[in-house]
Amino acid sequence: MIGDILAGRVRPGTQVTIQGWLRTRRDSKAGLSFLHLHDGTCFKAIQVVAPSTLANYERDVLKLTAGCSLVVRGELVESQGKGQAVEVRAGSIELVGAVDDPDTYPIAAKQHSFEYLREVAHLRSRTNTFGAVARVRHCLAMAVHRYFHERGYYWIHTPIITASDCEGAGEMFRVSTLDLVNLPRDESGEIDYSRDFFGKSAYLTVSGQLNVETYCQALSRVYTFGPTFRAENSNTARHLAEFWMIEPEIAFADLTDNADLAEDFLKAIFRTVLDERADDMAFFAERIEKTAITRLEKFIDTRFERMEYAEAIDVLEKSGKSFEFPVSWGVDLQTEHERYLTEEHVKRPVVVLNYPKQIKPFYMRLNDDGRTVAAMDVLAPGIGEIIGGSQREERLDMLDGRIDEMNLDKDAYWWYRDLRRYGTVPHAGFGLGFERTVQYVTGMANIRDVIPFPRTPNNADF
RNA sequence: UCCCCGAUAGCUCAAUUGGUAGAGCGAGCGGCUGUUAACCGCUAGGUUGCUGGUUCGAGUCCAGCUCGGGGAGCCA
């Protein structure tokens with residue numbers, strides 16, 4: 001693999017076979033062509049020197065254009081030119097797949113706009129940027145699993161399809177096999193979902209949290225890591241209709257343990273990326289976001305600020321800033337408020353704790369003051385809210401009180417309530433948007449460019 | 001969903017008060033060179049997003065639509 005060679009794991013003089021896709025070709029009248037070949041195993045492409053004495057030099061090599069797939073056999077040699085330490089002196093070049101109309105190949109050897117590349121998402125993976133994003137994304141995903149595995153957490157596969165609107169976390173996608181042009185109706189003319197596939201309404205999950213809590217109260221430390229769906233009509237650089245979410249849940253734990261976990265976890269996976277994907281991170285720092293590396297290093301080295309919600313409100317009220325949305329105790333923090341807190345006031349990640357109960361979901365634990373719940377948001381400069389979590393309400397009477405207050409159907413949560421009846425324990429957890437994490441690490445401005453095939457309102461191409 | 005901006009060659013963008021639509025890159029051909037986003041010359045490439053309107057004449061002005069971008073809401 002090209003990654004092994006460019007990492008110095010293959011000695012010059014070795015016969016090698018490399019397989020990949022052509023980036024550029026430059027011909028020299030000295031009787032050779034220079035090919036840059038990439039195979040995605042590392043950031044860089046490798047230079048292949050193709051002498052004109054190759055049997056298919058005239059027929060194939062001189063006609064190679066960006067995107068052609070090749071198998072090159074030859075000797076790894078120290079480069080005579082500047083710009084690379086080693087190169088492959090080709091003994092044979094096999095053209096595996098030609099580009100049949102080079103004029104229309106969408107990925108030219110030049111800079112394309114990300115907006116354009118989204119329209120050719122099936123080929124953008126061949127660019128420097130999207131190769132780097134894919135490798136960093138993988139690295140982060142593996143780092144997540146490794147972090148939890150090494151600390152005794154179990155990965156729980158919570159369902160993709162769910163019959164309950166778990167936490168009221170937004171609009172849901174309906175899952176149905178009913179014939180839309182011939183819907184079954186009941187006596188009152190309503191759609192009869194009892195005749196749908198699951199015998200009732202079903203949806204794509206908006207969170208695995210309620211389900212994973214059941215395993216938390218048996219296996220102690222668990223997490224989910226899977227796709228999540230929100231049918232919100234959100235058109236922003238930080239929202240997707242289909243995204244991946246990481247949700248750890250820890251038993252015998254309170255909000256402080258939760259915040260500690262969030263901080264240690266984020267720092268650990270960021271450290272892993274810096275260690276393992278230095279080549280890609282160098283690219284992001286050079287071409288995408290100047291502070292990509294220094295920002296992560298600073299993130300890792302500084303302790304998160306911790307701030308009570310009430311204190312945050314106080315800070316905002318005394319900031320002298322004129323916010324579009326006025327601030328007072330009881331309101332939810334807007335994007336502009338969160339940005340001020342993390343970017344201007346403390347200038348580093350901040351965990352805001354204990355929010356008013358009326359702006360948070362029913363399952364969050366009511367504090368002794370009776371008006372706040374044990375919720376936390378982790379805010380980071382440049383991205384805003386990256387984590388939202390809470391200590392869960394483990395007392396059945398309190399939970400029922402919250403369910404009633406919010407006019408929810410107690411029966412729908414019968415199994416969730418059972419957990420509070422049979423050996424309940426204090427527990428806590430949080431949700432981390434995986435794509436937002438990839439965005440933060442890479443500095444990519446739009447969330448649609450950190451997932452291979454983004455799904456957003458009006459767009460499910462590819 | 002709301003506010004603002006935009007859509008011109010394969011890509012990135014020009015085009016003066018409404019008057020014959022251009023450049024760079026990419027592509028093709030030729031030249032030059034152990035080349036590095038190579039360089040030099042030539043060539044091809046367009047129903048100016050769609051529909052309608054105003055006008056002698058619309059890339060340019062007006063309306064609607066579609067798509068994209070920035071910001072906001074919802075949130076992760």
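Naming: A, B, ... by sequence-line order, numbering from 1 per chain. Computed from heavy atoms alone, side chains included, the values below leave out hydrogens, waters and symmetry copies.
- A side-chain donor from one of A:Glu289 and A:Thr291 sits under 3.5 Å from a side-chain acceptor of the other.
- Here A:Leu240 lies in heavy-atom contact (under 4.0 Å) with a base.
- Residues from residues 69-97 of chain A with heavy atoms under 4.0 angstrom of RNA chain B, sorted by number: A:Ser79, A:Gln80, A:Gly81, A:Lys82, A:Gln84, A:Glu87, A:Arg89.
- With sequence neighbours left out, the side chain to side chain donor-acceptor pair (under 3.5 Å) criterion links A:Glu435 to A:Arg137.
- The residue A:Asn446 sits close only to the backbone: its heavy atoms come under 4.0 Å of sugar-phosphate atoms, none of a base.
- Residues passing the side chain to side chain donor-acceptor pair (under 3.5 Å) test with A:Asp332: none are found, sequence neighbours excluded.
- Between the CE atom of A:Met172 and the C1' atom of B:C74 there is a distance of 15 Å, rounded to whole Å.
- Classification of the A:Trp21-A:His38 ring pair by plane angle, with boundaries at 30° and 60°, yields tilted.
- Rounded to a whole angstrom, the distance from the C1' atom of B:G59 to that of B:G49 is 12 Å.
- Within a 6.0 Å radius of OH in A:Tyr154, other residues, nucleotides and ligands contribute 12 heavy atoms or fewer.
- The stretch residues 319-353 of chain A touches RNA chain B through A:Phe325, A:Gln334, A:Thr335, each having a heavy atom within less than 4.0 Å of the strand.
- When the P atom is compared between B:G57 and B:G19, the two are found 14 Å apart, to the nearest whole Å.
- The gap from the C1' atom of B:G24 to that of B:U20 amounts to 23 Å, rounded to the nearest Å.
- A:Arg238 has its CZ atom 12 Å from the P atom of B:C75, to the nearest Å.
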Donor-acceptor pairs are to be reported for all side-chain atoms of residues 351-362 of chain A against protein atoms at under 3.5 Å, with residues two or more places apart or in another chain.
from: A:Asn354; atom 1: OD1; to: A:Asn367; atom 2: ND2; distance (Å): 3.0
from: A:Asn354; atom 1: ND2; to: A:Glu308; atom 2: OE1; distance (Å): 2.9
from: A:Asn354; atom 1: ND2; to: A:Glu308; atom 2: OE2; distance (Å): 3.2
from: A:Tyr355; atom 1: OH; to: A:Asp377; atom 2: OD2; distance (Å): 3.3
from: A:Lys357; atom 1: NZ; to: A:Glu405; atom 2: OE2; distance (Å): 3.4

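- A gap of 6 Å separates the C1' atoms of B:A9 and B:G45, to the nearest Å.
- Between A:Asn458 and the phosphate of B:C67, there is a side-chain N or O to OP1/OP2 separation shorter than 4.0 Å.
- Separating the P atom of B:C61 from that of B:A7 is a span of 10 Å, rounded to the nearest Å.
- The aromatic ring centres of A:Tyr223 and A:His145 sit less than 6.0 Å apart.
- Among residues two or more places apart in sequence or in another chain, the side-chain contact (heavy atoms from CB on, under 4.5 Å) test is passed with A:Tyr215 by A:Ile156, A:Leu219, A:Val222.
- Below the 3.5 angstrom threshold, one finds a donor paired with an acceptor across the side chain of A:Ser234 and the base of B:C74.
- Taking the ring axis of A:Tyr440 as reference, the NZ or CZ atom of A:Arg295 stays within 45° of it and closer than 6.0 Å to the ring centre.
- Taking the six-membered ring for Trp and the full ring otherwise, A:Phe434 and A:Phe225 have centroids separated by under 6.0 Å.
- For the C1' atoms, the distance from B:A15 to B:A58 is 14 Å, rounded to whole Å.
- Nucleotides B:A72 and B:C13 are separated by 23 Å at their P atoms, to the nearest Å.
- Across the C1' atoms, B:A23 and B:A63 are found 33 Å apart, a figure rounded to whole Å.
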Subject >> Watson-Crick or G-U pairs under 3.5 Å in RNA chain B, rendered as dot-bracket with [ ] for crossing pairs and | for another strand >> reply: (((((((..((((.....[..)))).(((((.......))))).....(((((..]....))))))))))))....
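- For the contact set between residues 115-131 of chain A and RNA chain B, defined by any heavy atom under 4.0 Å, the members are A:Glu115, A:Tyr116, A:Arg118.
- Side-chain atoms of A:Glu247 and A:Ser207 form a donor-acceptor pair, as typed in the model, at a separation below 3.5 Å.
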Donor-acceptor pairs under 3.5 angstrom involving side-chain atoms of residues 447-458 of chain A: please list them, not counting sequence neighbours.
from: A:Asp449; atom 1: OD1; to: A:Arg118; atom 2: NE; distance (Å): 2.9
from: A:Asp449; atom 1: OD1; to: A:Arg124; atom 2: NH1; distance (Å): 3.2
from: A:Asp449; atom 1: OD2; to: A:Arg118; atom 2: NH2; distance (Å): 2.8
from: A:Arg455; atom 1: NH1; to: A:Asp461; atom 2: O; distance (Å): 2.8
from: A:Arg455; atom 1: NH2; to: A:Phe462; atom 2: O; distance (Å): 2.7

Between side-chain atoms of residues 322-331 of chain A and protein atoms elsewhere (two or more places apart, or another chain), which donor-acceptor pairs fall under 3.5 Å?
none

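- Taking atom CG of residue A:Asp461 and atom C1' of nucleotide B:U66, one finds them 14 Å apart after rounding to whole Å.
- Using cut-offs of 30° and 60° on the angle between ring planes, the pair A:Tyr147 and A:Phe265 is perpendicular.
- For B:C75, the base has a donor-acceptor partner in the side chain of A:His239 [N/O atoms by modelled type, under 3.5 angstrom].
- Atom pair A:Leu432:CG and B:C75:P shows a separation of 18 Å (rounding to whole Å applied).
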Original post:
Given the rule in the salt bridge (charged side-chain N to carboxylate O under 4.0 Å, His left out) test, do A:Glu171 and A:Arg230 qualify, once you have shown the distances and angles that lead to the verdict?
Top reply: CA-CA 6 Å; A:Glu171 296 296 308; A:Arg230 305 269 167 99; over 6 Å; no
Original post:
If the sugar-phosphate is the primed atoms plus P, OP1 and OP2 and the base is the rest, what is the B/S/- string for nucleotides 45-50 of chain B, using protein heavy atoms under 4.0 Å?
Top reply: ------
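- Atom CZ of A:Arg221 sits about 9.5 Å away from atom CZ of A:Arg151, to the nearest 0.5 Å.
- Between A:Phe114 and A:Phe130, the ring-plane angle classifies as perpendicular under the 30° and 60° cut-offs.
- Of all non-hydrogen atoms in A:Ile160 and A:Pro227, the two that sit nearest each other are CD1-CG, 3.6 Å.
- Centroid-to-centroid, the aromatic rings of A:Tyr416 and A:Tyr363 stay 6.0 Å apart or farther.
- Residue A:Asn235 contributes atom CG, which lies 11 Å from atom C1' of B:A72 at whole-angstrom precision.
- Residues from residues 16-28 of chain A with heavy atoms under 4.0 angstrom of RNA chain B, sorted by number: A:Arg26, A:Asp27, A:Ser28.
- Residue contacts for A:Ser113: at a heavy-atom cut-off of 4.0 Å it reaches the sugar-phosphate backbone alone, with no base atom in range.
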